[in-house]
Structures are given as structure tokens and as C-alpha cells.
Amino acid sequence: MKKILILPGDGIGQEVTNECLKVISYFQKDCEIEYTEDLFGGASIDVHGEPLTKEVLKKAMEADAVLLGAVGGPKWEQLEHNLKPEKGLLTLRKELEAFANLRPGKVFPALIDASSLKKSIVKGTDIFVVRELTGGIYFGEPRYIKEVDGKKVGANNLIYSEDEIARVARVAFEIARKRRNKVTSLDKANVLEVMQLWRDVVSEIHSNEFKDVELDHLYIDNAAMQVIKRPSTFDVILAGNLFGDIISDEVAELTGSLGMLPSASIGNKYGIYEPVHGSAPDIAGQNIANPIAAILSLGMLFKYSLQLDSIHDLIESAVSETLNAGFRTKDIGIKDTLTCSQMGDEILKNIDKLS
Ligand code: NAD
């Protein structure tokens, strides 16, 4: 029996995960899966005084995968940093050793007009960014702002070990094998020693273990241009924490709406799946949020944690079909828009039709 822990969190996190529950329940008739729900983020602070309790963390470690909604909101903004809902998210990622962040950016044909780029450029775009999540400049020591000779100096340290690079490179190559078999690794090897190491290690892992996958390397500055010039030619993009952070948002912008973007953070053992968007306090409680990002995140969970690739593909096709039929939530449509739960129902109908 596969176990999924669902942490809806706050705001629209609760609404969009409700739609995921409908999808999970549907597949329970064919698959051995069970789920439990628990409190996380602000909802947990209100009851337990902390965003992630030890009990919930234990449940997450015992589960095969965790599905998150979103956390945060104005109610908890004044709390000190360590008690904020977002701290729960960071702790969960750290404790579950989720070192690879996966961010697909797929342009659905029905929503091609939502992209900020011309249709002819963005058509067929289906990029998958694999970003190193627990190392690099965001974590490197020493880090400081201090006074030197009466002037302030700030520093951070971009540091990667061979092992940190190798493990995330392997994730990217494995994913490419399940897609169009191509990895583009981003670095700045022409200027930074640590990035020369990045390039060397990625090349070594490639030639020793993944020769069947096509590999190319791009400098990050060139990549930032190529991604908007020829997005449809990319398959998997592999990058360190800083470059991956930036390029994944650039890729997101190609696709249009925040309500459409799924993500995952995975390690060797655990996987955390969540929509890219936040708790959207401005629309929370109105049943108008777009549940597609959350449902696509659940699709990723089936593929990357439960190895049920066919269910992932079915969910993606059902979303595509629903959009092709003209169904829209308020963030992606103008008139006759559906509520969050109606969109969930339409997607479910298509899952049933296509299965
Ligand atoms: P947000 O993503 O919550 O919202 C940004 C805008 O996009 C809002 O106008 C919102 O209505 C809209 N939007 C977002 N998701 C949508 C959806 N599914 N359907 C329709 N419209 C959608 O970002 P924010 O407003 O900057 O942050 C709100 C709160 O969420 C903050 O407390 C922030 O810290 C938190 N946050 C949490 C996460 C997370 O849990 N991973 C991520 C980002 C922000």
C-alpha cells in the first residue's frame, strides 16, 4: 500500500488540494494508495503554535510522498521568522533531504495566448528545470555583512562538492530518459572555478552512466537568451541553486499563469509535491482558485514517487482536454468561468473518459 500525506496548508491551499483528493479517490479503485491529511503552516500554528509539528514530520517521513497546498497569509506575517508558516516549508524540505527541485514549464496549446512571447516561438514548449536545492550560494559559508576599514562589506560563498553535483545531475539524466532524452546543463565555467567543477562532474556522470542521453552545456547568460529565443528546443535544463532559481521563473513566464505551474522537491528517498503558487489570500475562501497546478503536482507525485507514469500521463492529458474544450477558471479566462471545484470535476470527467 502506497501512502500519501496531504498537507493542504492555508488559503487556497485547502481549496486546490480538495480537488486533488477527488483525483486520488478516483484512482483508489485501481491502485493500492491511501492518504491522510494533517495541519501545516498557519493552520498548524493556530492549533499547535508551530508550522510543522514533530508528529507531522514523522508522518511525512513514513509516507511515500507528500502533497502540499500552500502556506502563509497576512494573519501570520507578524510572527518572528522562526515561527512563520514558511519556516515549516523550509524545515520539511531540509529534513526530507529534498535536494532536487523539479519545475516543468509546459505550454498547453489552448493557453498559448497567455504567454508573453509570440505564438510561433512558444509553440510546442515543454521544458523541465532540475534545480539543485540544498547547496550553492544560498547555503555557502561564510556569509556576512561586516565592517572592514570603516566600510561595509558583504559576502556569500558559492560552493559545491563533487557529490552534490553528481546526485542532482543523475536526477536530471534519469528524468531526461523518461522524456525526450536531452539535458542542457547551465554554468558559468568561463569565470568561476566552482562552475568548472560543475561542468566537469556533469560531463563525467554523463560519459560514465548516461551516454544514451544527449548533453550540452550553456553559460547561464547565453541560456537566459536562448530560453526565450528557442524555448521549444529545450528538454531538461540542469542548474545549480542560484541559476536554477532564476531560469525556472523565466521558464514559468513562458507558460502564462501561476495557477498552472506544478513543482516537486525530491531526494533519494522522499518527494514533496506542491503548486508553485502561494496561498493567494486575495481570493482565498471564494472557490475561484485554479486547481490545475495542484492537480499537475499530484500527477508528478504519481510519476516520480509512485512510479505510476501512466497515471501522470493520464492526468496531463485530461488537463489538456479540459482546456481544449474551453473550460477556464477566472485567472485564465474572461467569461463563463468555472469555480475551483467545477474545474476539478471537469478534469475528473476527462480522466474517466480517457482511462
Ligand atoms: P500567491 O502565489 O499566493 O499569489 C499571487 C497572485 O496570483 C495573487 O493575485 C493570486 O490571487 C494569484 N494566484 C495564485 N495562485 C492562483 C491560483 N491557483 N488560481 C488563481 N489565482 C492564483 O503569491 P503572494 O500573494 O505573493 O503570496 C501570498 C502568501 O503565500 C504569502 O504569505 C506568501 O509567503 C505565501 N507563499 C507561499 C508559497 C508556498 O506555500 N510554496 C509560495 C509563494 C508564496
Side-chain angles (χ1 to χ4, degrees), residues 5-20 23 38-46 51-52 56 60 66-94 96 98 101-104 108 111 114 116 131 133 245 248-249 252-253 255-266 271-301 319 322-323 327-334 337-344 346-347:
L5 175 66
I6 306 204
L7 302 175
D10 310 313
I12 63 164
Q14 309 194 345
E15 298 163 43
V16 296
T17 44
N18 264 341
E19 300 317 302
C20 294
V23 177
D38 224 310
L39 297 174
F40 185 54
S44 173
I45 293 172
D46 288 350
L52 174 67
V56 171
V66 180
L67 180 70
L68 299 184
V71 295
K75 187 175 174 192
W76 306 282
E77 259 163 26
Q78 305 312 321
L79 293 173
E80 71 177 75
H81 183 71
N82 254 0
L83 290 174
K84 282 191 176 169
E86 290 78 3
K87 178 69 183 170
L89 201 57
L90 296 178
T91 309
L92 188 68
R93 286 179 187 153
K94 185 165 168 267
L96 268 52
N101 185 234
L102 316 182
R103 286 267 298 259
F108 287 93
L111 291 186
S116 45
R131 163 190 168 194
L133 198 59
D245 192 3
S248 57
D249 273 12
E253 181 51 31
T255 68
S257 170
L258 201 50
M260 299 288 302
L261 294 166
S263 82
S265 302
I266 63 167
I272 307 166
Y273 298 81
E274 55 180 318
V276 167
H277 62 73
S279 58
D282 54 335
I283 58 165
Q286 299 176 39
N287 191 21
I288 56 170
N290 185 347
I292 292 179
I295 291 174
L296 291 174
S297 302
L298 174 64
M300 290 179 77
L301 182 155
V319 167
T322 309
L323 294 169
F327 293 111
R328 300 284 186 272
T329 41
K330 210 171 167 192
D331 55 316
I332 50 174
I334 300 164
T337 53
L338 301 186
T339 63
C340 181
S341 42
Q342 285 169 335
M343 181 56 103
E346 290 305 327
I347 292 170

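Both ligands and their constituent atoms are indexed starting at 1 by order of listing. Just so you know, these numbers come straight off a predicted model, no measurement behind them.
Scanning the protein heavy atoms around atom 32 (O) of ligand 1, the nearest turns out to be Gly73 N, 3.1 Å. Scanning all protein heavy atoms for the shortest distance to atom 41 (N) of ligand 1 gives Glu274 OE1, 3.3 Å. If you check which protein heavy atom lies closest to atom 14 (C) of ligand 1, you get His277 CB, 3.7 Å. Closest protein heavy atom to atom 6 (C) of ligand 1: Leu258 CD2, 4.3 Å. Protein heavy atom nearest atom 28 (C) of ligand 1, with residue, atom name and distance: Pro281 CD, 3.4 Å. Regarding atom 2 (O) of ligand 1, its nearest protein heavy-atom neighbour is Gly278 N, 2.7 Å. For atom 19 (N) of ligand 1, the nearest non-hydrogen atom of the protein is Asn290 N, 2.8 Å. Ranking protein heavy atoms by distance to atom 34 (O) of ligand 1, first place goes to Glu86 OE2, 2.5 Å.
Between the side chain of Asp38 and the backbone N or O of Val56, no donor-acceptor pair lies under 3.5 Å. Within the 3.5 Å criterion, the main-chain N or O of Leu323 finds a donor-acceptor partner in the side chain of Arg328.
Checked against a 3.5 angstrom limit, the closest N/O atoms of Glu77 and ligand 1 fall outside it. Between Pro275 and ligand 1, not a single N/O pair is under 3.5 Å apart. On a distance-only criterion, Val276 and ligand 1 share no N/O pair closer than 3.5 Å. Between Ala280 and ligand 1, a contact under 3.5 Å exists for at least one N or O pair.
For atom 37 (C) of ligand 1, the choice among Asp282, Leu68, Val71, Ile283 with the nearest heavy atom turns out to be Val71. Taking each of Gly72, Ser279, Cys340 in turn, the one with a heavy atom nearest to atom 30 (O) of ligand 1 proves to be Ser279.
Of the N and O atoms on the side chains of Ser116 and Glu253, at least one donor lies less than 3.5 Å from an acceptor on the other residue. A donor-acceptor pair shorter than 3.5 Å cannot be found between the side chains of Ser341 and Asn18.
The nearest pair of heavy atoms linking Ile45 to Trp76 is CG2-CD1, 4.0 Å. Thr337 and Gln342 make their closest contact through O-OE1, 4.5 Å (heavy atoms, listed as atom of the first residue, atom of the second, distance). When all heavy atoms are compared, the tightest approach of Met300 to Ala264 is CE-CB, 3.8 Å. Listed here is the closest heavy atom pair of Thr255 and Ala114: O-CB, 4.5 Å.
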Going by atom type alone, with no hydrogens or angles, which donor-acceptor pairs under 3.5 Å involve a side-chain atom of residues 276-285 and a protein atom two or more places apart or on another chain?
{"residue": "Ser279", "atom": "OG", "partner": "Gly72", "partner atom": "O", "Å": "2.8"}

Original post:
Should Thr322 and Ile292 be marked as a side chain to side chain contact (heavy atoms under 4.5 Å, CB included) after you check the CA-CA gap, both sets of side-chain angles, and the distance that decides it?
Top reply: CA-CA 10 Å; Thr322 309; Ile292 292 179; over 6 Å; no

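Here Ile12 has side-chain heavy atoms under 4.0 Å from ligand 1, and that is the only part of it that gets that close. Under 4.0 Å from ligand 1, the heavy atoms of Leu89 that appear belong solely to its side chain.
Numbered from 1 in the order shown, with element, the atoms of ligand 1 that lie under 4.0 Å from a heavy atom of Ala289 read 19 (N). Proximity to Gly259 (heavy-atom distance under 4.0 Å) selects the following atoms of ligand 1: 17 (C), 18 (N). Counting the atoms of ligand 1 from 1 in the order shown, those under 4.0 Å from a heavy atom of Ala70 are 40 (O).
For atom 12 (C) of ligand 1, no protein non-hydrogen atom is found at a distance below 4.0 Å. Protein heavy atoms are absent from the 4.0 Å sphere centred on atom 26 (O) of ligand 1.
Under the 4.5 Å side-chain criterion, counting only non-hydrogen atoms from C-beta, Ile347 is not in contact with Glu19.
With sequence neighbours excluded, no residue forms a salt bridge (charged side-chain N to carboxylate O under 4.0 Å, His left out) with Asp331.
With respect to Lys75 and Asp10, no salt bridge is recorded, no charged nitrogen being found less than 4.0 Å from a carboxylate O.
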